[in-house]
Amino acid sequence: MTRERHYWLVKSEADGFSWNDLWKSPKRTTFWDGVRNYQARNMLRDDFKKGDLVFFYHSNSDPNEIVGVCEVVREGYADHTAFDPGEQHFDAKSDPDRPTWYMVDLRAKEAFKRPVTLAELRKVPGLEKMELLRKGSRLSVQPVSKKEWEIVYELGMDGERAASPARGR
DNA sequence: GCCAACGTTGGC
DNA sequence: GCCAACGTTGGC
């Protein structure tokens, strides 16, 4: 059974685990641990499939922006950090035999030529329904429609259309 | 730092 | 089952 590729977005704080941290990881790959929200858990456990593509978004950052594209390289499995009392996201209620929390493995695929900020996304026609832009949206794992994906990807990969002056560094 | 929106917990 | 209190997320 083949399935069309699905598209997603995950949030991370730039001064927590940034795109750059992922890029420097072995094989540019990490396990996406620490998700402790049931809606997000369900997507990681049931809906993330190998080959799906994922926007990497910096939240609580300055500026907030989408910075690159990852690929799902391993599908949902138990988030072992929930079992370890030393871990920040330890959860005594998660039983290794019947895990409450799940994670996937993500590999950085492609850095955007230029990050696309939240402020810019809000102005782009066609993204009105994007989950990221919904008022009060807090989901750290969320679906992105194919149309939304194409619009945002285009912006990130089209240096010419930079809405703001070239950024330093 | 502020605060709105949201999810979870627990008393009833 | 309802809902107030609380903790967290995350934009500004």
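Residue numbers begin at 1 in each chain, while the letters A, B, ... track the order of the sequences. Note that this is a predicted model, so its numbers are computed, not measured. When reading the values below, keep in mind they use all heavy atoms of this one structure, side chains included, and skip hydrogens, waters and symmetry mates.
Separating the CD atom of A/E131 from the P atom of C/dT9 is a distance of 16 Å, rounded to the nearest angstrom. Residue A/L9 contributes atom CG, which lies 11 Å from atom P of C/dG10 at whole-angstrom precision. If you take OH of A/Y38 and P of C/dT8, they are 16 Å apart, rounded to a whole angstrom. One interatomic measurement links the two molecules: CZ of A/R36 to P of B/dG7, which rounds to 18 Å at whole-angstrom precision. A/N37 has its CG atom 9 Å from the C1' atom of B/dC6, to the nearest Å. Atom CZ of A/R134 and atom P of B/dA5 are 11 Å apart (whole Å). Remark: C1' of B/dA5 and CD of A/Q39 are 14 Å apart, rounded to the nearest angstrom. In this entry the distance linking CG of A/D62 with P of C/dG11 reads 11 Å, nearest Å.
Ionic pairing of A/R3 and A/D52 is present here: one or more N-O contacts between side-chain nitrogen and carboxylate oxygen are shorter than 4.0 angstrom. Between A/R107 and A/E71, at least one side-chain nitrogen of the basic residue sits less than 4.0 Å from a carboxylate oxygen of the acidic one, meeting the salt-bridge criterion.
The phosphate of B/dA4 has neither OP1 nor OP2 within less than 4.0 Å of any side-chain N or O from A/K135. Contact annotation: A/R122 reaches the phosphate of C/dC12 (side-chain N/O to OP1 or OP2, under 4.0 Å).
Set against B/dT9, B/dA5, C/dG10, the side chain of A/S140 has C/dG10 as its closest nucleotide.
Aromatic ring pairs are classed by plane angle as parallel below 30°, tilted from 30° to 60° and perpendicular above 60°; the pair A/F56 and A/F17 is tilted.
Taken to the nearest 0.5 Å, the CH2 atom of A/W32 stands 15.0 Å off from the CH2 atom of A/W8.
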